[in-house]
J.: 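Below is one structure. I have some questions about it.
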Protein chains: 2
Amino acid sequence: MKDVALHAGVSTATVSRVLNGHAAPTPETRSRVLAAIDELGYRPNALARSLRTTSTKTFGLVISDLVNPFFAEIARAVEQEARAHGYCVVLANADENDEQQATYVRTLLDRRVDGLLVCPATDDATWVEEVVAGDVPLVLLDRTVTGADCPVVRADGAEALTELAVRLIDTGHRRIGVIAGPAVTSTGRERLEYFSAALAQFGHDLRPEYVVHGDFRRDSGARAAAELVALPERPTALVAMDNLMGLGALEELRRLGLVVPGDVGLAVYDDQPWFPLLDPPITVIAQPTVEMGRAAARSLLALIAGEQPADVRLNAKLIARGSCGETNRG
Amino acid sequence: MKDVALHAGVSTATVSRVLNGHAAPTPETRSRVLAAIDELGYRPNALARSLRTTSTKTFGLVISDLVNPFFAEIARAVEQEARAHGYCVVLANADENDEQQATYVRTLLDRRVDGLLVCPATDDATWVEEVVAGDVPLVLLDRTVTGADCPVVRADGAEALTELAVRLIDTGHRRIGVIAGPAVTSTGRERLEYFSAALAQFGHDLRPEYVVHGDFRRDSGARAAAELVALPERPTALVAMDNLMGLGALEELRRLGLVVPGDVGLAVYDDQPWFPLLDPPITVIAQPTVEMGRAAARSLLALIAGEQPADVRLNAKLIARGSCGETNRG
DNA sequence: TGTGCACATGAGAACGATTACACACGCTGG
DNA sequence: CCAGCGTGTGTAATCGTTCTCATGTGCACA
């Protein structure tokens, strides 16, 4: 920058003014400065700038699992919305791991991101204190944690899960096995709770041995499916509360030679483009991932602007495709 | 930091020394400083540190498409390897878009990343000059660009594609339709070239009307498939040169009521966990994504360390599963 | 012609860390 | 008893920006 100033015969202050589009500089000096910048191939140092202005124009996004397409889509949406507003996104992958998440939150804070979007790996909220201490705007995405006082963006599955329960009961399923998410995540608990409540509401209690908790990943889905179909009274249908566990369950059922829905029905939480391609197409509860990502980014922007954005609750919806033996009617 | 120094009754220099694990400070001062840090909840400002040390301990990773699971897996591997070496990864998603890619490269350079990993969206290499000008270590991943003098990490599909060609011919396929990647990407060109050469080698020239170029995304795969099966002499098999285009092709075939492999065979480049679940399971060419990501990160580390890492070529391999009507012996 | 007023520009102090250098202190050895 | 040395600390310059003032110039007005 000093070089540019020298080269254009002005001071660094003027170069800075030109760079930041201040009103002051004369058209003539402005063009001289621009010429010098261009000639020297000068690029401003964002670090120094941020150090001075205390603004990095950057969001930190911590997601639970990058290879989970649900989160990948969210990440993409967040990034698009952020970019549209001149923000950059630093993506951190917690890999469903508490400690890694905490490490990343710390790193992002140290780098002075302007705001933080987190899909918490678990309920553990110790990291929240650090964020609050750093006075960094925070928005929770998909999952909540206890005791965090910040906007939350999530999809509400209560209605869809109730509808699914009705559909399963109508189809004649009485023994339903649930491959639930971890009890240490809000989504893990809620989905199970809503579904179980819906069943109970219609007089069909979910027996404890028919619930197996996984970790939102593929292998756990396979293990849970194996465990469930091995029960003395085999469930007539399985519900996997996440697309990766659903994938694992499918693999396991296939491996065991069980036919869907003939031997056992299957419904999965989260839609994926390949679910309709299976035989039979899989019945799912679809979440509005793109809208979730967008909404979260917008909430964060609002927070940064000093507003108090309300929580966002979008609706997940049931898409019945026949993998539970039901008739396909959307 | 000044506060910490004051609180511990030392100078900022000493605080810094404690922070950076210098040999100098006495155990006694060290603990006093640590106590003060802890008490004040002090967190060092990474920006200031980087400004001073000209090292950010950060890699920039520009990938072509975040929702493409192939790249998501690579990203995860890069991030893991980087983290293992104390580096952070800033992930940028080019969305298969040249301009967006250039913008991101520039942003990352401005933020003074210590190194750059790029999966180039196209052959356009203008952005490379900026990287070179900034004297930032660069490694290309998956795809190459013309005239970039830097280490490249990629999977070589020549062998697998040849094997696939043999397999298809053996199975009796004579009219083979190719859903190729964009001609402006090295992988798009190479895969087509290798496959076409392999066919030719066995006396079966690939006719131009049997090649349709897509853009490595789902919709283009569907369009290409539609176009190919509408040819007067319908191909007996389709080869999609990327998993997303393969997905699109599958959807289109399904929509048209064409049965795989009865009406038309299908093979896809890139494996995905759900391919084996389809009926029939899809024949694929699998790439070692995790190893690619790892290797790329290691190459970059080497480059930063001043070494001259050699290009890495890993092998893709054919996994025959029956979707081309062949026997499964893959 | 001198006073006052815009207005563009420059000088220099931050921002928060690292680090070369100088200093003070307590030892040892002649 | 003092030169000399090693050791632990502090002082201050520095990284590349931004931004507050102060300064200088030109112009209108009395």
Side-chain angles (χ1 to χ4, degrees), chain A residues 1-37 40-58 106-114 133-136, chain B residues 1-37 40-58 86 88 106-114 133-136:
Chain A
M1 175 152 162
K2 245 184 296 187
D3 291 347
V4 172
L6 219 63
H7 206 266
V10 297
S11 76
T12 61
T14 304
V15 175
S16 172
R17 277 187 273 256
V18 169
L19 245 47
N20 296 298
H22 272 246
T26 267
E28 197 263 325
T29 36
R30 173 182 303 273
S31 67
R32 230 176 39 237
V33 170
L34 290 175
I37 285 177
L40 299 175
Y42 161 79
R43 312 246 68 217
N45 183 322
L47 263 54
R49 188 200 302 263
S50 295
L51 178 60
R52 186 57 234 248
T53 61
T54 65
S55 144
T56 51
K57 284 291 186 182
T58 304
R106 215 162 290 140
T107 309
L108 291 169
L109 290 178
D110 286 353
R111 284 162 195 247
R112 299 302 194 260
V113 293
D114 291 348
D135 207 28
V136 173
Chain B
M1 175 149 160
K2 245 183 300 185
D3 290 349
V4 173
L6 219 62
H7 205 265
V10 297
S11 76
T12 62
T14 303
V15 176
S16 172
R17 279 188 272 254
V18 170
L19 246 46
N20 296 300
H22 271 246
T26 265
E28 197 263 328
T29 35
R30 174 182 302 275
S31 67
R32 229 173 44 233
V33 169
L34 290 175
I37 285 177
L40 298 174
Y42 162 80
R43 311 248 66 217
N45 184 323
L47 264 51
R49 185 203 305 265
S50 296
L51 178 60
R52 186 58 232 254
T53 59
T54 67
S55 144
T56 51
K57 284 295 189 179
T58 304
C88 208
R106 216 162 290 141
T107 308
L108 292 170
L109 290 179
D110 287 354
R111 296 179 181 229
R112 299 304 193 261
V113 291
D114 291 346
D135 206 28
V136 174

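These figures come from a predicted structure and were not determined experimentally. Residue numbering restarts at 1 for every chain, and letters A, B, ... go by the order of the sequence lines.
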J.: To the nearest angstrom, how far is H22(B) atom NE2 from dT18(C) atom C1'?
T.: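 Taking atom C1' of dT18(C) as the reference, NE2 of H22(B) is at 8 Å.
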J.: Restricting to pairs with a member in residues 21-31 of chain B, which pass side-chain hydrogen bond (donor to acceptor under 3.5 Å, both in side chains), not counting sequence neighbours?
T.: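 Counting only pairs at least two positions apart or across chains, the side-chain hydrogen bond (donor to acceptor under 3.5 Å, both in side chains) contacts touching residues 21-31 of chain B are E28(B)-R32(B).
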J.: Determine, for nucleotides 21-26 of chain D in 5'-to-3' order, which nucleotides have protein heavy atoms under 4.0 Å from the base (write B), from only the sugar-phosphate (write S), or from neither (write -).
T.: ------
J.: Check side chain to side chain contact (heavy atoms under 4.5 Å, CB included) between L40(A) and all other residues, then give those that pass, not counting sequence neighbours.
T.: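 Checked L40(A) against side chain to side chain contact (heavy atoms under 4.5 Å, CB included); matches are D3(A), V4(A), H7(A).
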J.: Between P on dT14(D) and CE on M1(B), what's the gap in Å once rounded to a whole number?
T.: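 In whole Å, dT14(D) P and M1(B) CE are 18 Å from each other.
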J.: Closest nucleotide of DNA chain C for L51(B) versus for R30(A): which of these residues is on the 5' side?
T.: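 Its nearest nucleotide lies further toward 5', so the answer is R30(A).
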J.: In whole Å, I'd like the distance from the CG atom of L19(A) to the P atom of dG16(D).
T.: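 Interatomic distance, CG of L19(A) to P of dG16(D): 15 Å.
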J.: In residues 3-11 of chain B, what residues come within less than 4.0 Å of DNA chain C, judged by heavy atoms?
T.: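 Listed by number, there are none.
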J.: Would you say T29(B) reaches dG8(D)'s phosphate, i.e. side-chain N/O to OP1/OP2 under 4.0 Å?
T.: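 So the side chain of T29(B) is outside the cut-off, no N or O lying under 4.0 Å from OP1 or OP2 of dG8(D).
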J.: How close or far is atom P of dT17(D) from atom CG of L47(B), stated in whole angstroms?
T.: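 After rounding, the reported distance stands at 13 Å.
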J.: Does the side chain of R111(A) come under 3.5 Å of the side chain of T58(B) through a donor N or O and an acceptor N or O?
T.: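 Yes, because at least one side-chain N or O of R111(A) sits under 3.5 Å from a partner of the opposite role on T58(B).
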J.: For dC7(C) and T26(A) - does any side-chain N or O of the residue sit under 4.0 Å from the phosphate oxygens OP1/OP2?
T.: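 For T26(A), the contact criterion (side-chain N or O under 4.0 Å from OP1 or OP2 of dC7(C)) is not met.
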J.: Could you tell me the separation between the CG atom of N20(B) and the P atom of dT19(C), rounded to a whole number of Å?
T.: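 Between P of dT19(C) and CG of N20(B): 7 Å.
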J.: In whole angstroms, how far is the P atom of dG16(D) from the CZ atom of R111(B)?
T.: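 Between P of dG16(D) and CZ of R111(B): 18 Å.
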J.: For residues A8(A) and V33(A), report the shortest heavy-atom separation together with the two atoms involved.
T.: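 Residues A8(A) and V33(A), closest heavy atoms: CB-CA, 4.0 Å.
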J.: When you get a sec, tell me which of dC19(D), dC15(C), dT9(D) is the closest nucleotide to the side chain of K2(B)?
T.: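 The listed nucleotide nearest to K2(B)'s side chain is dC15(C).
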J.: Just the atom pairs and distances: protein N or O near nucleotides 12-14 of chain C's N or O, under 3.5 Å.
T.:
unit_1  : atom_1 : unit_2 : atom_2 : d
dA14(C) : N3     : R52(A) : NH1    : 3.1

J.: Compare side-chain N and O positions of N45(A) against OP1 and OP2 of dC15(D) and report whether any pair is under 4.0 Å apart.
T.: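 False: N45(A) side-chain N/O out of range (4.0 Å or more) of dC15(D) OP1/OP2.
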J.: Base, sugar-phosphate, or nothing for S16(B), non-hydrogen atoms under 4.0 angstrom?
T.: base
J.: List for me each residue that meets side chain to side chain contact (heavy atoms under 4.5 Å, CB included) alongside S16(B), sequence neighbours excluded, and say none if there are none.
T.: M1(B), N20(B)
J.: Whether the side chain of T56(B) engages the backbone of R112(B) through a donor-acceptor N/O pair (distance < 3.5 Å, no angle test) should be reported.
T.: yes
J.: Quick one: R112(A) CZ to dA17(C) P, roughly how many Å, whole number?
T.: 7 Å
